[in-house]
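In what follows, a single structure is set out as structure tokens and then discussed.
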Amino acid sequence: MYQLLRQIPAIHELQQSRLFLELIKTKQASKAKLTEWLQEAVSDIRKEILAGEWKDEDNVVEFTEMVFARVSERLSDHSTYRIRRVINGTGTVLHTNLGRARLSEEAIQQVTETAYSYSNLEYNLSLGKRGSRHDLIEDLVKETTGAEAAMVVNNNAAAVYLVLKALAKGQEVIVSRGELVEIGGSFRVSSIMEESGASLVEVGTTNKTHLYDYEGAITDDTAMVMKVHTSNFKVIGFTKEVSISELKSVAKAHDIILYEDLGSGAIYDLKQDKIGSEPTVTEALENGADLVTFSGDKLLGGPQAGIIAGKKKWIDILKKHQLARVLRVDKMTLAALEATLKAYANEDNVTKSLPTLRAIRLKKEEISARIQAFSAQLSPIWNMVIKSDVSQVGGGTMPEVELETELLLLSTKKHKAQFIHDELRKGTPAVVSRIVYDQIALDFRTIEEHEFEELHKRLKEFE
Ligand SMILES: *Cc1c(COP(=O)(O)O)cnc(C)c1O
């Protein structure tokens, strides 16, 4: 053991070695950083020798190789991005773990240009003086939803928080027990309410709430009736919920705000394609909501954002609140959101230009054609089975909707499905698949033609 320890070359000697100079040449890390990793690798190996993990026959040549192998590994870890592209083979269109909505080409173009250049983010170009970032998008939201006024914040959770804090703090907010939901990553209506300083007044029961439940709960301290779109679950059977249109006159008579957290906030009406029963933002406003909030990266198909739309009187208060600054969005988000909203102006084209709508509306036959095109290029070592299945919209949106799809099931004698599944995920580009009956399952609803070549390359690794 001491024999081995004595053989360890000094750091300055290792720095003279050809291997070290080659690493420097890649220019992916500074000499100082590489030296630091070198020292760490040497110190780790010293500890391993002392712990008896090295044999006396091991020699200094192996030692040096081992040191540099470890430094190279650190270097490649260091130079690959942590945020990586994923080919989504799950078929779930708005996969929250995989970044929800993909942006349209126009949105990406706008983000790139806005990020690379200076912009009029807070500068009114026609007047030549300071402007407001809120103004940039407000007209477009108004046009696409019919709202009187609108503003944009960081995400929908932030939108809910701002509405409650600015308009109901220290007062009461009435919510049906059937709508006290938890959404994804621990966003709870009751918790956000508590955080905002508004007090929650629960009415009705889990399955049934009546108009008289709301009416009976109204006091002088009531600021708001809040409806929450229970995006990620459905109560079925013996149920009753009170709609916005039923609540409208009650809210008006008592001069309280009628607010609906829509969650997804569809602008394009998927009901016309017989997909789900998601209310559109326009419908919610027309039915009488004073304010609605919704996400930018769910059914809307844009960047992460929270959109608040409704009566100007309330939006004006929200815009002036201190929190508006805390929750504001950056120029890249605004650029992407503007391009996404603009797509809705062309009804005929929006379902083609926005990847989210395109994927949700994809018919089984179109998915089948994708599978045919893809599998025609596959090596015969793969066993292929095509199986009818359903894909999910995802993002806690329309949980009851099953989109008809076809899966391509792949297996090979060479490897177990679990192995391929794990390796596909770890490589580049990462591929997220499922395992169905011991085969790799790929749902081509979320795999587009432009990804075929790379997916073929990834599969070749197992041939
Ligand atoms: C998704 C959702 C939220 C949270 O929206 P984020 O944009 O993820 O912050 C809030 N309320 C409802 C009803 C939702 O569906």
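Note that the structure is a prediction, hence the values are computed from the model and not measured. Counting starts at 1 for both ligands and their atoms, in listed order.
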Examine ligand 1 and decide if any of its atoms is less than 4.0 Å from a heavy atom belonging to Asp261. yes
Does at least one non-hydrogen atom of Lys298 fall below 4.0 angstrom from an atom of ligand 1? yes
Would you call the rings of His415 and Phe419 parallel, tilted or perpendicular, taking 30° and 60° as the class edges? parallel
Is Thr333 reaching over with its side chain to a backbone N or O of Val329, donor-acceptor style, under 3.5 angstrom? no
How about Asp273 and Tyr268: does a side-chain donor come under 3.5 Å of a side-chain acceptor? yes
So is there a nitrogen or oxygen of Asn156 less than 3.5 Å from a nitrogen or oxygen in ligand 1? yes
For ligand 1, which atoms sit closer than 4.0 Å to a heavy atom of [X]?
{"X": "Arg100", "result": "6 (P), 7 (O), 8 (O)"}
{"X": "His229", "result": "13 (C)"}
{"X": "Ala157", "result": "4 (C), 5 (O), 6 (P), 9 (O)"}
{"X": "Phe187", "result": "10 (C), 11 (N)"}
{"X": "Ser295", "result": "5 (O), 6 (P), 7 (O)"}

Is the distance between the ring centroids of Phe187 and Tyr161 less than 6.0 Å? no
Looking at Glu195 and Lys165, is there a salt bridge between them, counting it only when a charged N and a carboxylate O are closer than 4.0 Å? no
Assess whether atom NZ of Lys271 is packed by more than 12 heavy atoms of other residues, nucleotides or ligands within 6.0 Å. yes
